[in-house]
Amino acid sequence: MDVLHRLLLDEWDTAVTQETAEALLERRDVFGLRLVLLALAVADDDTADHLDDALTHVCRRSDDDVALLERFCLELASDPSEGVRREAAAILLRP
């Protein structure tokens, strides 16, 4: 998991960040989303933008995608990691 975390936070190559995030999100499971949210919680502004873009590209393509994202975020709202909880809550608050 450390390798994935480093790839998600690669400050030298944001394409790696976005591609890794998109691949994890394409899994369509809580595990992949949790890793992306964990990275988002500590990312600098530029990296966070690319992680957020990945969330938009993969998880907001259709109403079904948005419903799945919301379901997973509701589950992650009680995650042990405060950063994951915070990012999941922020997604749930978005229009």
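FYI, the numbering just counts along the sequence from 1. Just so it is clear, the values below take in all heavy atoms, side chains as well, and ignore hydrogens, waters and symmetry mates.
- Residue His50 is tested with Glu19, Glu22, Gln18 for a side-chain hydrogen bond (donor to acceptor under 3.5 Å, both in side chains); the sole match is Gln18.
- A pairwise comparison of heavy atoms in Arg86 and Ala41 identifies NH2-O, 3.3 Å as the closest pair.
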*Please step through side-chain contact (heavy atoms from CB on, under 4.5 Å) for the pair Leu24 and Leu8, ending with a clear verdict.*
CA-CA 10 Å; Leu24 285 167; Leu8 288 167; 3.8 Å; yes
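- Arg85 places no side-chain N or O within 3.5 Å of a backbone atom of Leu76 that could act as its donor or acceptor partner.
- Following chains of ILVMFWY side-chain contacts shorter than 4.5 Å, one can reach Val84 starting from Leu69, so the two form part of one hydrophobic cluster.
- Distance check, rounded to the nearest 0.5 Å: CZ of Phe72 to CG of Leu37 gives 11.5 Å.
- Among all heavy-atom pairs drawn from Ser81 and Arg34, the shortest one is CB-NH2, 3.8 Å.
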*Using the side-chain contact (heavy atoms from CB on, under 4.5 Å) rule, take Leu68 and Arg71 through it: C-alpha gap first, then chi angles, then the decisive distance, then the call.*
CA-CA 5 Å; Leu68 186 62; Arg71 191 177 94 215; 3.6 Å; yes
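- The backbone N or O of Glu11 sits nowhere less than 3.5 Å from a side-chain atom of Thr14 that would complete a donor-acceptor pair.
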*Which is it for Leu35 and Arg27 under the side-chain contact (heavy atoms from CB on, under 4.5 Å) test, yes or no, and what are the steps along the way?*
CA-CA 12 Å; Leu35 289 176; Arg27 293 170 47 104; over 6 Å; no
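- Residues Leu25 and Leu33 have side chains in contact (heavy-atom distance under 4.5 Å, counting atoms from C-beta outward).
- In this structure, Val3 is not a member of the same hydrophobic cluster as Val42, with clusters built from ILVMFWY side-chain heavy atoms closer than 4.5 Å.
- Using a 4.5 Å heavy-atom threshold, the side chains of Arg60 and Ile91 count as touching.
- At a threshold of 4.5 Å between side-chain heavy atoms, the hydrophobic network of Ile, Leu, Val, Met, Phe, Trp and Tyr places Leu93 and Val66 in two separate groups.
- Remark: the backbone N or O of Leu9 is not paired with any side-chain donor or acceptor of Thr47 at under 3.5 angstrom.
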*asked:* side-chain contact (heavy atoms from CB on, under 4.5 Å), that's the test. Do Leu92 and Glu70 meet it? Break it down for me.
replied: CA-CA 6 Å; Leu92 290 170; Glu70 289 175 357; 4.2 Å; yes
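- In this structure, OG1 in Thr20 is found 9.0 Å from CG in Asp13, a value given to the nearest 0.5 Å.
- With respect to Glu26 and Arg61, a salt bridge is recorded, a charged nitrogen being found less than 4.0 Å from a carboxylate O.
- Between Asp65 and Arg28 the shortest side-chain heavy-atom distance falls below 4.5 Å.
- Residue Asp44 places its CG atom among more than 12 non-hydrogen atoms of other residues, nucleotides or ligands, all under 6.0 Å distant.
- Two residues are said to be in side-chain contact when any heavy atoms from C-beta on lie closer than 4.5 Å; Leu40 and Leu55 meet this criterion.
- Shortest non-hydrogen contact noted between Ala77 and Ala88 is N-CB, 4.2 Å.
- What you find for Ala21 and Leu51 is that their closest heavy atoms are CB-CD2, 3.8 Å.
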